[in-house]
Amino acid sequence: MAVSAFTPIIRASPSPSFTLSTSQYQSNFIRTRKVKPGVLTQRRYLPPIAALSDPFVLEIAESLEDSLPSSSSSGLQKLRDFASESLLSTPWPSRKDEPFRFTDTSFIKQSEIIPVSSPTPPESSNHISAFEDTQSLNLTIIDGYIIDSLSQLSGLPDGVFVGSLSSLSSNEITNRVLEFLPSSEPGDLFWSLNGVGSPDLVVVYVQEGCKVEGPLHLRYISNEGSDKESKKLPVSNPRVLVVVEKGGEIGILEEYIGGDGDLSYWTNSVMEIAIGEEAKVSHSYIQTQSLNSAHIKWTSIRQEKSSTYELVEVSTGGKLSRHNVHVQQVGSDTITGLSTFHLSGNDQTQDLHSKIVLDHPRGFSRQLHKCIVAHSLGQVVFDGNIKVNRYAQQTDAGQLTRSLILEPRATVNVKPNLQIIADDVKCSHGASICDLEEDQLFYLQARGIDRQTARKSLIVSFGAEVIDRFPTADLRKKVELHVKKLLDPVVPSKVASGV
């Protein structure tokens with residue numbers, strides 16, 4: 001078993017299709033920009049081009065812009081301009097970069113990236129979701145595009161809007177939403193690529209004092225894909241902005257699934273959440289995409305005074321799956337809860353990078369990360385950072401990561417990080433990596449349970465601490481059956497899907 005093992009640096013060979021010089025790439029990228037004056041005005045202040053540009057990154061950015069409609073709202077164009085500016089000086093991440101030291105992205109870099117220019121709805125929607133609640137509000141997003149015909153939004157309370165930014169008819173809400181578009185870069189290369197390539201912005205707006213009964217189900221379907229042998233990797237860039245005003249409440253269920261079989265594709269997604277004073281957001285996140293896919297997700301949260309944010313995540317899909325969670329507490333008495341469970345049951349990488357920044361008094365945060373590696377080539381990465389700044393006095397922050405390794409040569413890399421500048425705080429963190437404990441197995445065997453059944457029971461119950469935090473019993477049951485199916489393939493598929 002390899003625990004926190006050193007992983008050699010992998011240098012991918014340049015693709016033979018790269019024939020243009022760096023200066024040509026930058027010239028082409030700037031030329032295809034939808035709004036030129038801002039770039040051209042700032043271009044003379046740029047350092048030498050060779051020190052700025054990564055040809056592979058600029059080629060992806062050009063292809064993403066070429067795939068988008070020629071017209072877009074001024075707010076979305078502002079986002080694209082800002083993101084494209086940052087791409088001029090952002091290289092593709094390598095194992096030499098600390099945030100990607102244990103995460104190999106060569107699977108994406110060695111593929112032919114093809115932006116999805118238009119959605120293709122699946123032929124049948126009967127099994128579009130294993131976690132569907134037919135009574136809930138739902139919005140279907142296929143390859144980054146909203147599909148109204150597969151969505152159910154009737155019954156939204158007054159003061160709540162769910163839809164695309166381009167369809168917003170209220171100038172007041174539009175102006176309010178645009179206030180939260182980034183003015184400084186909160187993310188990395190993948191956040192910027194999403195900003196350039198997102199076809200539209202999905203907006204969820206909850207006005208002051210409004211409480212949405214029942215969860216809003218956001219279904220992300222990757223329907224465009226290619227065979228593994230083709231080396232083609234269709235990419236989609238869904239982006240969601242959630243704004244909850246003072247005293248508002250909403251529950252959101254994000255579900256990422258593949259359209260058909262084990263196709264290869266890349267989902268590059270971003271969700272930004274602005275939570276007003278005394279508002280509350282309950283966020284459930286389930287990722288079950290193809291085992292030949294790449295899934296990279298950014299979740300950025302901004303919490304104001306006395307607000308509450310709770311995340312419950314179960315991630316089991318993707319050949320490469322990475323979730324970046326950044327929480328910024330910008331008011332006092334905020335509450336943040338992160339509960340995540342990752343399962344690497346095949347030759348796959350499950351990666352969670354989280355950061356919680358507390359700047360004000362009496363902030364409260366709890367983070368629980370649990371993972372299982374059940375394949376000899378499987379890998380899990382956890383990099384969790386909690387930063388308690390000088391004025392965040394009387395903060396109560398806790399972090400715990402627990403990893404279960406079931407196969408030899410399986411790898412877990414954990415990096416818990418607690419930075420404290422304030423002097424009146426209550427903070428703790430801990431980490432454990434192990435196989436099942438023999439005394440636990442003996443306890444069950446002593447009561448007449450055979451060893452194999454005892455192991456299965458303990459493995460399934462390991463993730464139950466996170467799964468039990470989903471908001472509804474029906475969702476908890478379906479997720480538990482899904483995990484059991486992955487850990488024990490003999491479980492009938494009908495049972496695993498909750499049918």
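Positions are given from 1 along the sequence.
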4.5 Å side-chain heavy-atom contact, T334 and T308:
no
Compute the centroid of each ring, for H295 and then for Y256, and state whether the two points are separated by less than 6.0 Å.
yes
Test log, rule side-chain contact (heavy atoms from CB on, under 4.5 Å), inputs V483 and I467
CA-CA 10 Å; V483 172; I467 296 174; 4.1 Å; yes
Is the Lys NZ or Arg CZ of R239 less than 6.0 Å from the centre of W191's six-membered ring, within 45° of the axis?
yes
Are E272 and R302 ion-paired here, with the side-chain N under 4.0 Å from a carboxylate O?
no
Does a donor on one side chain and an acceptor on the other come within less than 3.5 Å for Q77 and D81?
yes
Any donor-acceptor N/O pair, H342 side chain to S315 backbone, under 3.5 Å:
no
Do you know the tightest heavy-atom contact between S264 and P234?
O-CD, 3.4 Å
Side chains of Y309 and H283, donor plus acceptor under 3.5 Å:
yes
Can you list the residues that meet the salt bridge (Lys or Arg N to Asp or Glu O under 4.0 Å) rule with E278, with sequence neighbours excluded?
none
Which residues pass the salt bridge (Lys or Arg N to Asp or Glu O under 4.0 Å) test with R402, sequence neighbours left out?
none
Rounded to the nearest 0.5 Å, the CG atom of L475 sits from the CD1 atom of I286 at a distance of 4.5 Å
State, without any angle test, whether E277 and S307 hold a side-chain donor-acceptor pair at a distance under 3.5 Å.
no
How far apart are the C-alpha atoms of Q348 and L291, what are their side-chain angles, what is the distance that settles it, and do they pass the side-chain contact (heavy atoms from CB on, under 4.5 Å) test?
CA-CA 7 Å; Q348 57 186 140; L291 296 179; 3.7 Å; yes
Evaluate the side-chain hydrogen bond (donor to acceptor under 3.5 Å, both in side chains) criterion for residues S428 and Q399: first the C-alpha distance (whole Å), next the side-chain angles of each, then the deciding distance (0.1 Å), finally the verdict.
CA-CA 6 Å; S428 65; Q399 181 190 75; over 6 Å; no
Would you call R101-E98 a salt bridge at under 4.0 Å N-O?
yes
In terms of side-chain geometry, is the basic nitrogen of R469 or E313 positioned less than 4.0 Å from the acidic oxygen of its partner?
no
Test your reading of the model: is there a side-chain donor-acceptor pair from Q393 to the backbone of D424, 3.5 Å cut-off?
yes
With a 4.5 Å heavy-atom cut-off, do V240 and V203 have their side chains touching?
no
Taking the six-membered ring of F462 as reference, does the NZ or CZ atom of K370 fall below 6.0 Å from its centre and within a 45° cone about the axis?
yes
Does atom NZ of K280 have more than 12 heavy-atom neighbours, drawn from other residues, nucleotides or ligands, at distances under 6.0 Å?
no
I'd like to know if the side chain of S84 and the backbone of R80 have a donor-acceptor N/O pair within less than 3.5 Å.
yes
Residue pairs passing the salt bridge (Lys or Arg N to Asp or Glu O under 4.0 Å) test with at least one member in residues 390-399, sequence neighbours excluded, are R366-D396
For the pair E255 and H217, evaluate side-chain hydrogen bond (donor to acceptor under 3.5 Å, both in side chains) and give the outcome as yes or no after the intermediate values.
CA-CA 8 Å; E255 181 191 1; H217 189 173; 2.9 Å; yes
Does some side-chain heavy atom of I113 sit less than 4.5 Å from a side-chain heavy atom of F56?
yes
Trace of the ring-ring contact (aromatic ring centres under 6.0 Å, His included) decision for F190 with W92
CA-CA 9 Å; F190 299 102; W92 187 265; 5.4 Å; yes
For E254, the salt bridge (Lys or Arg N to Asp or Glu O under 4.0 Å) test, sequence neighbours excluded, returns K297
With the side chain counted from C-beta on, respond yes when Q350 and V381 share a heavy-atom pair under 4.5 Å apart, and no when they do not.
no
Close side-chain approach of L201 and L181, heavy atoms under 4.5 Å
yes
Hey, what's the ring geometry for H369 with F382, parallel, tilted or perpendicular (30° and 60° as the breaks)?
parallel
Between the main-chain N or O of I60 and the side-chain N or O of S63, is there a donor-acceptor pair closer than 3.5 Å?
yes
Of L139, L253, L150, the residue whose pairing with R219 passes side-chain contact (heavy atoms from CB on, under 4.5 Å)
L150
Shortest non-hydrogen contact between L137 and S154, atoms and distance:
CD2-O, 3.4 Å
Short N-O contact, D474 and K478, less than 4.0 angstrom
yes
If only atom types and distance count, is the side chain of S167 paired as donor or acceptor with the main-chain N or O of G163 below 3.5 Å?
no
S344 and Q379 side chains, donor-acceptor separation under 3.5 Å:
no
F102 vs K415 side-chain heavy atoms within contact, under 4.5 Å:
no
Is it the case that T267 and S222 place a side-chain donor and acceptor less than 3.5 Å from each other?
yes
Atom pair CG/CG of L481 and L486 - distance to nearest 0.5 Å
11.0 Å
Could you measure the distance from the CZ atom of R362 to the OG atom of S332? Nearest 0.5 Å is fine.
5.0 Å
Using a 3.5 Å distance criterion without hydrogens, assess whether the side chain of N194 forms a donor-acceptor pair with backbone atoms of P238.
yes
Backbone of P99 reached by a side-chain donor or acceptor of D97 within 3.5 Å
no
Evaluate side-chain hydrogen bond (donor to acceptor under 3.5 Å, both in side chains) for H482 paired with T316, printing each intermediate quantity in order.
CA-CA 9 Å; H482 169 72; T316 64; 3.1 Å; yes
Residues I386 and A397: closest non-hydrogen pair is CG2-CB, 4.1 Å
Taking the cut-offs as 6.0 angstrom to the six-membered ring centre and 45 degrees off its axis, would you call R322 and F100 a cation-pi pair?
yes
Considering only distance and modelled atom types, tabulate donor-acceptor pairs under 3.5 Å from the side chains of residues 206-216, sequence neighbours left out.
none

Pairwise distance CG(L178) to CG(L76) - rounded to 0.5 angstrom:
9.5 Å
With a 4.5 Å cut-off on side-chain heavy atoms, are H323 and W298 touching?
no
Do Y265 side-chain atoms and S236 backbone N/O form a donor-acceptor pair below 3.5 Å?
no
Taking the side chain as every heavy atom from C-beta outward, state whether V116 and I142 have any pair of such atoms under 4.5 Å apart.
no
How about H353 and D351: does a side-chain donor come under 3.5 Å of a side-chain acceptor?
yes
D143 side chain to E224 main-chain N or O, any donor-acceptor pair under 3.5 Å?
yes
Using a 3.5 Å distance criterion without hydrogens, assess whether the side chain of S321 forms a donor-acceptor pair with backbone atoms of G318.
no
Test side-chain hydrogen bond (donor to acceptor under 3.5 Å, both in side chains) applied to S166 and D200, step by step:
CA-CA 7 Å; S166 59; D200 205 342; 2.7 Å; yes
Taking atom CD1 of I147 and atom CD1 of I141, what is their separation to the nearest 0.5 Å?
9.5 Å
Return the set of residues passing salt bridge (Lys or Arg N to Asp or Glu O under 4.0 Å) with E245 (not counting sequence neighbours), or none when no residue passes.
R176
